[in-house]
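Here the structure comes first, spelled out in structure tokens, and everything after it is commentary.
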Amino acid sequence: MILSAKVILPRLRVFAALLVPAMAAACSGEFSTLDPAGLEADRVAVLFWVMLAGAFAIWIFVIVLCRSVVVRAPRENSERQARRLILWGGAVFPGVVVTALVVFGVGMMPELRRPADGPTIAVSGERFWWRIAYDVEGGPGVVRNLPAGGVPSANEIWLPVGRRTEILLSSPDVIHSFWIPAIAGKMDAIPGRVTRLVVEPTRTGVFAGACAEYCGDTHAQMRLRAVVVPEEDYAAHVAAQAEPAAVTEGPGPELFLRSGCGACHTVRGTPADGLVGPDLTHVGGRSTLAAAILPMSVETLADFIRSPQHLKPGVEMPGFGMLPEREIEIIAEWLGSLE
Amino acid sequence: MRINFVLTWKKMLATLLGAAVLVLLVGWSGLVSISAASGHFAPVRWFLGWTMENAVRRQSMPVDRPAGLDLSDPALVLRAAGHFATGCAPCHAAPGIAQSPVAQAMTPAPPRLEGRVEDWDDRALFWIVRHGIKYSGMPAWPAQNRDDEVWAQVAFLRALPDMSAETYAEMALGGLRPPQLPGDAIFSDALEDCARCHGTDGLGRGEGRAKEAFPVIAGQPETYLYEILLAFHEGRRESGFMEPPARRYAPETLRRLAAHYAQQPAPDIAPVPPRPEGPLPPRVGQDEAGTLDGLETAAGFEVPPAAPGGPPASREALLDLGRRIAMEGLHARKVPSCQSCHARDERRNPNYPYLPGQPGWYVEEQLLLWREGARGGTGWSHVMTEIAQNLTRQQIEAVSLWYDHLREQ
């Protein structure tokens, strides 16, 4: 088949017809940086629209210029005129535009660089999930390792609206990058270093985040959820997370311990005190499972215990499909009840 | 007379085809001598032997002899003795045991080994035991991933020339006769088979330095023992020593063997302290200047995992690191504590074997096999894969040393 304009153009039109709605869909929704819910994302969006409008105006101008050169009757330009065009169009105009952008952009920075006035949250990016500790002691001394303590949780980060919350980031394994597009820009989590990101959510809601630095097999499924709530709800949530598990007796916790799950997972209130995997003390209260890729339910919990590799290829947890089916169900039911 | 011959491509092709047809005709004729009764024609015998010797010497050159391997270690010699009796002696005979005329009637006849091991260096012996020799009846090692077992067999072969008949009988055939247990002859035979290495008490035979020749199977959970015997039986766990006996007996017999050894009293070791309750103190913190503490001790092992040899460490530092791995785990390296699954605790899942009381070399060898992805096992064995792969060589050494030191107390 010969790729003539006749063949390509209709296809391009179909492609564009499909692409435009797809791209427009990205303008809103929980993952969108153009539907901002945080101060930094808002400024990024403003900058984006201003630059888009400016770029569009310049594009129109260049097209008109090209057309005038090609279509208008050829007429000899004087060397003087040509030099003037180069000076104004090639040096003065870009210089003014770039300077204006720098002034505009730098002018935004003081507002974004203000110190935190809210809680400090430690977030550790680990293959392939997020370890979270609320209300840790931050401070300037924290430079190489995340501070110990805090209220542990995983994969779902609650933030108070209208407060500037400091997020301390690090990693025990490889470089990850913490990104909630609707709230703020990216920040890398680097082993042996603590990086800082101050976020200021401006409206309540649930927003999606992801790891933005390739970290291994299942990097694409290393997601995260940010729940932005009023300040008193944040405090209540953290206080609830600090409580021990709701159910610590019965066949669920017994089977959990018997099968060795406690070697990697902590459920406060039981002897399970492993620190390798996520804290499961309130796992049933989280809205998602497996780093925000699956809805939380007893069925998905059971599926994940049975064969995590199928739901999340490359995950580091071994499958426990060799446990009797009934035992998996009992453990899943118990975990689901831990709100 | 002159022969005029012009070589053409056509003629060459016809010659090749003719040769192939001739070979097939010879095979089809049924007249080729394959009788073992007549032996080899002397020049052929010489040629085959010469070829074999050259091949072994040349191909064994790249064999990697493990650092620190001591072929005179009595534990290593004893470990392979039982296997020699069932795997090698039927053809090669043994001290105090005459060679069977059945074996002598083979072509080539397998030699008695006492006078022959001197002819080969360690690498060549390793190569022969591991690879076997085609067309001679010498089999390869049944588990190609278990070089540790092959080296033990080489150690036994090295000890063979000076071995008295009494020593051989004691080491390979078992001084301890199992007590007459109620049950059929198959079970008694099977138990005797196990006992030649593991003893009837499951603590392993051998005294003095050979005390640690075998892993401890006494008092292990019955479920684990049965499942792991079944894994050997079905070839899901590789071992040249354990696969042959496990294959010999039916699963019902294996179940009774597991029950027998599960009921034996566990080794007498100092009680292992329970794991500390509650949240652990952070081990790698930092002072106000941002300096990490713990760097000067063996805890530093978890900081530069990429260091080729790791920091040098004393025995005490290694034991401390081993204790931490066993009791607390190294969560930053995604290593859970060993004891949270492998402590001697009736409340644990009976598919997890108990580790306290096992000799260090066994813990180390199994972890290394897991790390290489060569340790099969029961339906639960994959749980260890990720953990072993997250351990550095030094950490494996440390935790093995810690389990080993429990036996000394």
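Chain identifiers are assigned alphabetically (A, B, ...) following the order of the sequence lines, protein sequences preceding nucleic acid strands; residue numbering begins at 1 within each chain.
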*asked:* Counting only heavy atoms not in Q144(B) (residues, nucleotides, ligands), do more than 12 fall under 6.0 Å from its CD?
replied: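 For Q144(B), atom CD is crowded (more than 12 foreign heavy atoms under 6.0 Å).
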_Does E325(A) have more than 12 heavy atoms from other residues, nucleotides or ligands lying within 6.0 Å of its CD?_
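More than 12 heavy atoms, drawn from other residues, nucleotides or ligands, come within 6.0 Å of this atom.
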*Pairwise distance OG(S340(B)) to CG(D273(A)) - rounded to 0.5 angstrom*: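 Those atoms lie 7.5 Å apart.
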*What is the distance from atom OG1 of T266(A) to atom NE2 of H331(B), rounded to the nearest 0.5 Å?*
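The OG1 atom of T266(A) sits 9.5 Å away from the NE2 atom of H331(B).
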*Under a 4.5 Å cut-off applied to non-hydrogen side-chain atoms, are N351(B) and M322(A) in contact?*
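No, every pair of side-chain atoms sits at 4.5 Å or beyond.
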*asked:* Any carboxylate oxygen within less than 4.0 angstrom of a Lys/Arg side-chain nitrogen, looking at K334(B) and D173(A)?
replied: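 Salt bridge between K334(B) and D173(A), a charged N being under 4.0 Å from a carboxylate O: yes.
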Can you see which heavy atom on [X] is nearest to which on [Y], and at what distance?
X	Y	answer
P318(A)	H382(B)	CB-CD2, 3.8 Å
L323(A)	N349(B)	CD2-ND2, 4.2 Å
A263(A)	P336(B)	O-CB, 3.2 Å

_Proximity breakdown for R127(A) and chain B, heavy-atom pairs closer than 4.5 Å_ =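 For R127(A), backbone and side chain are both near chain B.
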_Segment of E126(A) engaging chain B (4.5 angstrom heavy-atom cut-off)_ =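 Contact with chain B: backbone and side chain both.
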Which donor-acceptor pairs under 3.5 Å do side chains of residues 214-228 of chain B form with protein atoms, sequence neighbours excluded?
from    : atom 1 : to      : atom 2 : distance (Å)
Q220(B) : OE1    : Y354(B) : N      : 2.8
Q220(B) : NE2    : Y354(B) : O      : 3.0

*side-chain contact (heavy atoms from CB on, under 4.5 Å) evaluation trace for V276(A) with R333(B)*: CA-CA 8 Å; V276(A) 174; R333(B) 301 235 61 79; over 6 Å; no
_Segment of N390(B) engaging chain A (4.5 angstrom heavy-atom cut-off)_ =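 Side chain only.
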_If I measure from the heavy atoms of chain A, does R347(B) come under 4.5 Å with its side chain, its backbone, both, or neither?_
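Backbone only.
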*Side-chain donor or acceptor of Y352(B) paired with backbone N/O of R258(A) under 3.5 Å*: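 No; judged by distance alone, with no hydrogens or angles, the pair does not exist.
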*Looking at P191(A), C264(A), S259(A), which has the largest count of heavy-atom pairs under 4.5 Å with chain B?*
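Answer, by heavy-atom pair count under 4.5 Å with chain B: S259(A).
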